[in-house]
Amino acid sequence: MSHTPEEFKPLFAKIDELKPKFIERLKKAVSIPGVSGDESLRSEVVKTAYFLKDELIKLGAQDIQIKELGLQPPPVSTKGLELPPIVLSRFGNDPSKKTVLVYGHYDVQPALLEDGWDTDPFTLTEKNNVLYGRGASDDKGPVIGWLNAIEAHKELGLELPVNLITVFEGMEESGSLGLDELIRQEAKNYFKVVDAVTISDNYWLGTTKPVLTYGLRGVNYYQVEIKGPGSDLHSGLFGGIVAEPLNDLVKILATLVDTNGQILIKGIDEQVAPLTKEEDELYNDIEYDVKDLNQATNSDTALYQSKKDILQHRWRYPSLSIHGIEGAFYEPGAKTVIPAKVIGKFSIRTVPNISSDDLTKLVIDHINNEFVKLKSPNKINASLIHDGDYWISNPHNENFTAASKATEAVWGIKPDLTREGGSIPITLTFEKELGTDVLLLPLGRGDDGAHSTNEKIDVSNYIEGVKTLSAYLHYYGKGN
Ligand SMILES: NCC(=O)N[C@@H](Cc1c[nH]cn1)C(=O)O
Ligand SMILES: [Zn+2]
Ligand SMILES: [Zn+2]
């Protein structure tokens, strides 16, 4: 392309040449159903870690370490389930070069064909230059993207311009359990020399303009268990004469949030940092429209119509989403059962200055108070499953500048600076424990359907993304 700087032409041509191999590598990664939230698939998550280890060996990584994290704590697992390991590796250890740590996750969200996928979620399927499959965008595509960037250098006989450390985890979709502690332990060891941290695990805002991201919401994930009868019952025999746990649960869940997305738990709004005039003005220059939202959701269900309202509610205000009910009948048909025990799941996306502990107290007190009002003989237990902090940084530094130049070199356009409504719990830990700048450099588009059915990454985003990651390493390595 005409905007490609001369220095990158051979590298970008090599990446284009390796495209079939890169797609094949992603296909292998996607074929392993490593869903971290599903205990029955834990061995598949671990298998993905070893798949990455093998790929790293082939690429010539040094000092590959599989870091075990011990048992998964309750409330989710009470069965002595091992956490998946962290895969560490290093490419180069030259004191004259800068060191970039790249982080990504190899676990994925659940996916079933019967949820409404058009193709098998664990078979990467190419249609019209789009690659469909669970993890294609979140986050196997970007993780494999880093490996591809390394391979393109290797194939060209080109030295990497920086020392690279890779950190791949397998519990990001389930709260990054164990990783905080590992980062603390390795801060003065494996991660002793790290100049910058780069994470490719989010998305462009829309579908055409690349972005760099400097803020994330946090996430507190809760469960509410309601237990009643000793076993599931026939509603014809027992309906109307026993207290039903699911009836109680839907009433409790209905007290959490209204249909306009307004959180109904008292005391949360007061903790949200006020919007300043300067912050409000930052939204003026960002390219976004309600049409982008409707396109991403394939619907007309937006709660706000103006760009500012949408982006502010996505990035800087909290939200509460109800995700599901364990133990409730959900299959097609008309089963007349009274479930004996149900567990409602919901999460709250947190923002400055909400404290996780204060929030949890407000949430649990609210649920217990609402349950008392029901005067039910059933038993309730509400608890936090996991939490991860929000993160916000100043994007005016060397790391962001390098990524901005790389984006221009590949896409011919300066990226927008954005925040993101999702969460990557470990971002703040890297920043604090390693004392480095963290950059979020997304490859995928806003309509990739992460966590949803028919998740995809466009071939162009995948391949141009490998070029962007490569060019970023060069700009950062030479100090821009
Ligand atoms: N791509 C980042 C991402 O999807 N993060 C998850 C993290 C999470 C926390 N608990 C469950 N998942 C997100 O939902 O934002
Ligand atoms: Zn992710
Ligand atoms: Zn995710």
Side-chain angles (χ1 to χ4, degrees), residues 26 29-30 33-38 45 48 52 72-73 75-76 83-84 102-111 121 133-146 167-180 198-205 211 213 215-223 296 314-315 318-324 345-351 356 359-360 383-391 418-430 438-457 461 465:
L26 182 57
V30 167
V35 178
S36 56
D38 183 340
V45 187
T48 324
L52 288 174
Q72 181 161 340
V76 172
L83 289 166
V102 301
Y103 158 89
H105 63 92
Y106 60 81
D107 62 319
V108 292
Q109 287 278 323
R134 176 55 90 226
S137 183
D138 180 16
D139 185 36
K140 286 178 173 172
V143 164
I144 300 299
W146 286 113
V167 180
F168 299 139
E169 76 152 318
M171 275 304 273
E172 196 274 347
E173 298 292 10
S174 301
S176 289
L177 304 176
L179 183 55
D180 278 311
T198 299
I199 299 177
S200 189
D201 182 23
N202 67 305
Y203 325 96
W204 297 354
L205 198 47
V211 308
T213 305
L216 292 162
R217 292 196 290 185
V219 62
N220 277 30
Y221 204 112
Y222 298 96
Q223 67 173 35
R314 176 155 156 178
W315 296 349
S319 62
L320 189 155
S321 303
I322 297 170
H323 303 296
K345 313 274 178 82
F346 69 95
S347 71
I348 299 180
R349 297 288 169 172
T350 59
V351 295
S356 170
L359 178 65
T360 296
S383 54
L384 174 76
I385 300 183
H386 61 72
D387 59 349
D389 263 325
Y390 55 80
W391 165 78
T418 60
R419 286 164 70 172
E420 163 91 48
S423 316
I424 308 173
I426 216 61
T427 312
L428 186 66
T429 313
F430 276 123
V438 181
L439 155 77
L440 299 194
L441 173 52
L443 299 197
R445 302 184 187 182
D447 66 349
D448 278 357
H451 295 205
S452 173
T453 48
N454 299 322
E455 178 179 346
K456 56 92 175 165
I457 191 162
N461 282 63

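Treat the numbers as computed from the prediction; the structure is a model and nothing was measured. In listed order, ligands and their atoms are each counted from 1.
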Return the minimal non-hydrogen interatomic distance between [X] and [Y], and the atom names on each side.
{"X": "Ser347", "Y": "Tyr221", "result": "CB-CD1, 3.7 Å"}
{"X": "Val108", "Y": "Lys140", "result": "CG1-CE, 3.9 Å"}
{"X": "Asn202", "Y": "Leu440", "result": "OD1-CB, 3.7 Å"}

State, to the nearest 10 degrees, the angle whose vertex is the Zn ion (ligand 3) and whose arms point to OE2 of Glu173 and NE2 of His451.
-> 110°

Closer than 3.5 angstrom, by distance alone: can the side chain of [X] be matched with the main-chain N or O of [Y] as a donor-acceptor pair?
{"X": "Asp201", "Y": "Asp139", "result": "no"}
{"X": "Thr198", "Y": "Val102", "result": "no"}
{"X": "Glu172", "Y": "Asp107", "result": "no"}

Quick check: does [X] get an N/O under 3.5 Å from an N/O on ligand 1?
{"X": "Tyr221", "answer": "no"}
{"X": "His386", "answer": "yes"}
{"X": "Tyr203", "answer": "yes"}

The atom name of the N, O or S atom in Asp138 nearest to the Zn ion (ligand 2) is OD1

[atom]: which protein heavy atom is closest, and how many Å away?
{"atom": "atom 4 (O) of ligand 1", "answer": "His451 NE2, 2.8 Å"}
{"atom": "atom 1 (N) of ligand 1", "answer": "Asp201 OD1, 2.8 Å"}
{"atom": "atom 3 (C) of ligand 1", "answer": "Ser423 O, 3.5 Å"}
{"atom": "atom 8 (C) of ligand 1", "answer": "Glu172 O, 3.7 Å"}

Result of checking Glu173, Glu455, Arg134 against Gln109 for side-chain hydrogen bond (donor to acceptor under 3.5 Å, both in side chains) | Glu173

Considering only heavy atoms from C-beta outward, does the side chain of Leu179 approach that of Thr429 to under 4.5 Å?
-> no

So, do Ser356 and Thr350 sit near enough that their side-chain heavy atoms are less than 4.5 Å apart?
-> no

Say whether Asp138 and ligand 1 are in contact under the criterion: heavy-atom distance to a ligand atom below 4.0 Å.
-> yes

Is ligand 1 less than 4.0 angstrom away from at least one heavy atom of Val219?
-> yes

Quick check: does Asp201 put an N/O/S atom under 2.8 Å from the Zn ion (ligand 2)?
-> yes

Counting heavy atoms only, name the option from Arg349, Glu173, His323, Arg217 that's nearest to atom 14 (O) of ligand 1.
-> Arg349

